[in-house]
Amino acid sequence: MKLDRRSFVSKSVTAGAAGAALAVPMAASAQTSPSVRWRLASSFPKSLDTIYGGAEVLSKRVSEITGGKFQITVHAAGEIVPAFGVVDAVQSGSVEIGHTASYYFVGKNRAFGFETTVPFGMNQRQQNAWMYYGGGLQLVRDFLRDYNIVSFPGGNTGVQMGGWFRREIKSTADLKGLKMRIAGLGGEVMSRLGAVPQQIAGGDIYPALEKGTIDAAEWVGPYDDEKLGFYKVAPHYYYPGWWESNSMYSFYIHSKAWDSLPKEFQAAFEAAAAEANLDMMAKYDFKNPDALRRLVGAGVKLHAYPVDLMRKAQDAAFDLYEEEAAKNPAFKKIYEPWKKFRAEIMLWHRFAEHTYSNFVYTNPPKSAAKKA
Ligand code: CA
């Protein structure tokens with residue numbers, strides 16, 4: 001039946017009532033669903049606007065998709081839950097959802113490492129492929145069942161930078177006794193190379209570097225590092241951050257909260273989480289080039305890690321994984337298929353991806369080279 005708007009309106013009392021009548025069929029299913037309000041505890045401060053912002057993207061899109069019926073309020077680290085209390089808070093159900101980095105919790109079980117990444121892991125594209133299609137997300141969710149958590153990928157930084165050093169690092173020998181702010185499994189690998197890893201919160205890094213209490217510190221990449229001003233006290237900026245070849249953040253949902261969501265709200269959440277996962281990487285790729293240019297303009301000295309040091313670090317990392325897999329079944333269950341997937345995707349990416357990237361990054365077209 002073709003709707004004749006004029007005759008429709010004439011039968012109604014007002015145009016407003018007609019609008020409401022027209023809206024009924026589309027909104028019916030949302031109207032019969034209960035309104036849901038969740039509290040999200042972030043492990044990140046608002047100053048890390050790109051990472052913290054991943055939860056805001058999620059919240060905004062979930063609300064828009066559900067016509068405002070599903071609201072997620074975002075709380076920065078420390079507002080309702082401390083940064084490293086997010087897993088406990090979601091596990092107990094004191095908040096419905098958290099936004100965090102799984103590798104903050106390797107102290108509970110080293111198997112927590114894989115979701116964010118472990119040293120010499122995959123890049124952001126490869127991590128997404130493993131999580132969404134390679135069985136990674138299922139393995140992670142199986143592991144997190146004991147913590148009453150259902151996980152969704154929720155953003156990525158891409159390959160991070162390798163940290164700020166007060167002095168140049170020419171070989172592995174220069175790491176001996178070097179005090180570096182680096183957490184988790186990256187810190188354990190650094191320790192196997194002779195460095196002394198330190199756990200220091202973001203806001204305390206600058207004064208520690210300035211006083212010489214520590215010799216080096218890693219954080220994220222140009223955009224976030226510039227804001228903390230490390231370049232003023234430790235001018236040697238190394239790359240790549242081989243302990244964070246990608247850094248995937250996660251939305252952790254209390255399993256009962258997830259199970260009790262209406263199906264259409266679950267679908268809205270899945271769509272919004274996937275968008276947040278994509279959005280953070282795009283923001284970083286947009287913001288980092290300018291920040292790096294400004295840092296170099298301010299006198300920062302860029303250095304690649306010596307290849308020999310990286311080889312030793314990679315060997316140390318995989319020794320650690322093999323040792324851990326031999327004594328930790330939860331770690332082994334994720335590590336074995338992860339290792340296989342990693343080898344296979346890296347073999348494929350050696351051909352088209354690597355060859356193309358390697359060519360265009362080092363061979364600008366002649367016309368562009370003249371202008372530069
Ligand atoms: Ca980092």
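Positions are given from 1, in the same order as the sequence printed here. Whatever order the structure lists them in is the order used to number ligands and atoms, beginning at 1.
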Is Trp219 close enough that one of its N/O/S atoms sits under 3.0 Å from the Ca ion (ligand 1)?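 Given the 3.0 Å cut-off, Trp219 counts as a ligand of the Ca ion (ligand 1).
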With a cut-off of 3.0 Å, does Thr157 place any N/O/S atom under that distance from the Ca ion (ligand 1)?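 No.
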Any ion pair linking Glu96 and Arg39 (charged N to carboxylate O, less than 4.0 Å)?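 No.
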Find, among atoms of Glu244 that are N, O or S, the one nearest to the Ca ion (ligand 1), and state its name.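 It is OE1, the N, O or S atom of Glu244 closest to the Ca ion (ligand 1).
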Starting from the Ca ion (ligand 1), look over the N/O/S atoms of Glu218 and name the nearest one.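 Nearest to the Ca ion (ligand 1) within Glu218's N, O and S set: OE1.
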Taking atom CZ of Phe286 as the centre, does the number of heavy atoms from other residues, nucleotides or ligands within less than 6.0 Å exceed 12?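 At most 12 heavy atoms, drawn from other residues, nucleotides or ligands, come within 6.0 Å of this atom.
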Cation-pi between Arg141 and Phe152: NZ/CZ under 6.0 Å from ring centre and within 45° of the ring axis?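 Geometry flag: set, cation within 6.0 Å and 45°.
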Classify the ring geometry of Phe331 against Tyr321: parallel below 30°, tilted from 30° to 60°, perpendicular beyond 60°.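 The rings of Phe331 and Tyr321 sit tilted, inter-plane angle from 30° to 60°.
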